[in-house]
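Data first, discussion second: the structure below is written as structure tokens.
Numbers restart at 1 for each chain; the letters A, B, ... are given by sequence-line order, proteins then strands. Please read these numbers as outputs of a predicted model, since none were measured by experiment.
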Protein chains: 2
Amino acid sequence: METEQVLARLRGLGRRLTRQRSLVVEAILAGERPQSAEGIYQRCREKDRGISYPTIYRTLEMLVEAEVVRKLHFGGSKYWYEAAWQREHHHHLVCLECGAKEPIMVCPRELIAREAQRNQFKVLDHQFEILGICKDCQGR
Amino acid sequence: METEQVLARLRGLGRRLTRQRSLVVEAILAGERPQSAEGIYQRCREKDRGISYPTIYRTLEMLVEAEVVRKLHFGGSKYWYEAAWQREHHHHLVCLECGAKEPIMVCPRELIAREAQRNQFKVLDHQFEILGICKDCQGR
DNA sequence: AGATAAATGATAATCATTTGCAAGAAGGTG
DNA sequence: CACCTTCTTGCAAATGATTATCATTTATCT
Ligand SMILES: [Mn+2]
Ligand SMILES: [Mn+2]
Ligand SMILES: [Zn+2]
Ligand SMILES: [Zn+2]
């Protein structure tokens with residue numbers, strides 16, 4: 001969860017350490033909630049005016065492969081990224097009004113395991129997100 | 001579930017009946033599994049060489065609003081569409097190798113209800129899809 | 001049939017993401 | 001440290017999926 005650890009891990013995978021990569025890692029670790037590529041780009045740009053979108057995307061993809069980052073989507077047209085190490089495996093309550101993404105720790109894992117077994121399906125991943133209106137947005 | 005019923009329903013909602021709309025409805029009802037916009041476009045084009053993508057998308061959106069079609073996504077960059085009336089509410093086992101989308105009837109609905117209550121969250125929708133390798137693709 | 005409003009197709013636009021490539025920087029080597 | 005190789009970067013352009021614009025066509029109502 002520390003930036004240094006992540007960078008060391010990348011180094012271990014044979015990747016070079018660059019200013020840009022450090023910035024992306026910092027941005028990801030700094031955010032408590034899933035962030036869009038644009039959000040990460042903006043955060044990084046505060047420290048390095050010249051950082052580019054291709055670098056953001058390439059680095060995020062690399063971090064996903066290194067299992068440092070999880071890539072999510074909630075039904076819109078874009079992907080969201082969050083640190084995979086901040087907390088344990090979880091899902092979200094996604095508010096369609098304000099966009100809030102509240103983590104929830106429950107997961108239908110037994111259900112998944114049972115269904116996979118029934119179908120001799122090898123599970124690699126799963127999507128589970130609850131969409132609706134958050135408490136705050138319900139009061140108009 | 002019959003094309004006629006769906007068209008009557010659209011008529012009831014004040015929509016006009018067109019050749020193109022019939023084709024899209026037929027294409028949706030003909031497919032057993034979720035289809036991409038492109039797939040539906042291809043199917044329709046076999047009957048009407050001149051049908052266009054904008055019409056496909058507009059019609060699908062209309063059918064989603066009429067609750068005749070469900071719009072899904074499985075982690076890729078595109079949406080998938082399937083008839084909402086063919087069978088009861090369900091989810092899928094999605095093979096990342098061959099793209100197969102096998103329906104499964106289980107749904108973590110109690111879990112969703114419980115979690116929503118705990119957070120005073122108003123549920124409007126949910127995503128639940130299991131991703132992995134299907135039985136067939138496991139044997140190489 | 002004629003009027004009216006809705007629907008269509010061609011085309012261009014949009015949005016998020018990816019690619020190609022020349023120039024720049026990291027990290028090993030002597 | 002200087003040098004070399006290879007990896008990374010930024011820019012510009014490309015891509016893929018979907019949506020918008022708008023002139024033309026068509027369904028439906030009278
Ligand atoms: Mn989260
Ligand atoms: Mn289905
Ligand atoms: Zn909200
Ligand atoms: Zn398969």
### Message
Nearest whole Å is fine: how far is dG28(C) C1' from R16(A) CZ?
### Response
9 Å
### Query
Is Q20(B) near enough to dG9(C) that one of its side-chain N or O atoms lies under 4.0 angstrom from OP1 or OP2?
yes
### Query
Starting at CG of L17(B) and ending at P of dC29(D), how long is that distance when rounded to a whole Å?
11 Å
### Message
If I take atom CG in residue L60(B) and atom P in nucleotide dT8(C), what distance separates them, rounded to the nearest angstrom?
### Response
12 Å
### Task
May I ask you to check whether H91(A) and H126(B) show a side-chain donor-acceptor distance below 3.5 Å?
no
### Query
Between R58(B) and E61(B), does at least one N-O distance fall below 4.0 Å, as a salt bridge requires?
no
### Query
So H73(B) and H73(A), would you call those rings parallel, tilted or perpendicular, with 30° and 60° as cut-offs?
perpendicular
#### Entry: Basic-acidic side-chain contact under 4.0 Å: E26(A), K47(A)
yes
### Message
Is the phosphate of dG27(C) approached by R11(A) (side-chain N or O, under 4.0 Å from OP1 or OP2)?
### Response
yes
### Task
Using whole Å, report how far CZ of R15(A) lies from C1' of dA25(C).
16 Å
### Query
For the pair made of OH in Y41(A) and P in dT9(D), what is the distance, rounded to whole Å?
15 Å
#### Entry: Whole-Å gap separating C1' (dG10(D)) and CZ (R19(A))
11 Å
Protein and nucleotides 16-19 of chain C: nitrogen or oxygen contacts under 3.5 angstrom:
unit_1  : atom_1 : unit_2 : atom_2 : d
dT17(C) : OP1    : Y79(A) : N      : 2.9
dT17(C) : OP2    : Y57(A) : OH     : 2.3
dT17(C) : O5'    : Y57(A) : OH     : 3.1

### Query
Ignoring hydrogens and angles, are the base of dA7(C) and the side chain of R21(B) linked by a donor-acceptor pair under 3.5 Å?
no
#### Entry: Pair K101(B) + E82(B), salt bridge at N-O below 4.0 Å
no
### Spacing of M105(A) atom CE and E88(A) atom CD [to the nearest 0.5 Å]
5.0 Å
### Nucleotide dC11(D), atom P - distance to CD1 of I56(A) in whole Å
12 Å
